[in-house]
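Please read these numbers as outputs of a predicted model, since none were measured by experiment.
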Amino acid sequence: MAKLSAFIAGLLFGLGLLLAGMANPSKVLAFLDLTGAWDPSLALVMLGAIGVAVGPLTWARRQSRSLLGQPMQLPVKRELDARLIGGSLVFGIGWGIAGICPGPAVATLLTGHWQVLVFTLAMLSGMLLFKALESRRRA
């Protein structure tokens, strides 16, 4: 049941990304172009997502188990550090260059656009590099 609910949540998330235009790199780049032809519509999408998430997250913080009986796993770290800031910068730079972030990349992977494939391969390479660096750091 947990895997089925995760699959359904992923489908809903992907569909929401597609409907909101988050999977359209030109729309994302227009949102990021604050000095040119700025398109504020994605800000409304983000505000809507925050509004939808506030209630369930508030509820989840008070629970020790999910509705399916799994342990509740919410982030507990609250402080900013160099790794968080560095990761955010790398994410933002990649988003600004490509106009694609990981969720929309996966949602549009089967469209056949070579740019999405290149982005996804670069993303996976970055994940493998991070895993290798983390292994070395912990050793």
Pairs touching residues 55-71 that satisfy side-chain hydrogen bond (donor to acceptor under 3.5 Å, both in side chains), sequence neighbours left out: none

Indicate yes or no: at least one non-hydrogen side-chain atom of [X] is less than 4.5 angstrom from one of [Y].
X: Val116; Y: His113; result: yes
X: Val28; Y: Trp95; result: yes
X: Pro40; Y: Phe31; result: no
X: Thr108; Y: Leu18; result: yes

Hey, what do you get for [atom1] ([X]) to [atom2] ([Y]), rounding to the nearest 0.5 Å?
X: Leu19; Y: Leu15; atom1: CG; atom2: CG; answer: 4.5 Å
X: Asp39; Y: Leu34; atom1: CG; atom2: CG; answer: 11.5 Å
X: Leu47; Y: Leu42; atom1: CG; atom2: CG; answer: 11.0 Å
X: Ser88; Y: Arg83; atom1: OG; atom2: CZ; answer: 12.0 Å
X: Leu121; Y: Leu109; atom1: CG; atom2: CG; answer: 8.5 Å
X: Leu84; Y: Glu79; atom1: CG; atom2: CD; answer: 9.5 Å

N-O pairing of Glu134 and Lys131 below 4.0 Å: no

Hydrophobic cluster identity match, Leu133 and Val90, side-chain contacts under 4.5 Å: no

Cluster check Leu129, Leu124: I/L/V/M/F/W/Y, side chain < 4.5 angstrom: no

Over 12 non-hydrogen atoms of neighbours within 6.0 angstrom of CE in Met127: no

Contact summary for Ser41 and Lys27, nearest pair of heavy atoms: OG-NZ, 2.8 Å

Considering all heavy atoms, the nearest Leu68-Ala2 contact: CD1-CA, 3.7 Å

Salt bridge (charged side-chain N to carboxylate O under 4.0 Å, His left out) partners of Asp33, counting only residues at least two apart: none

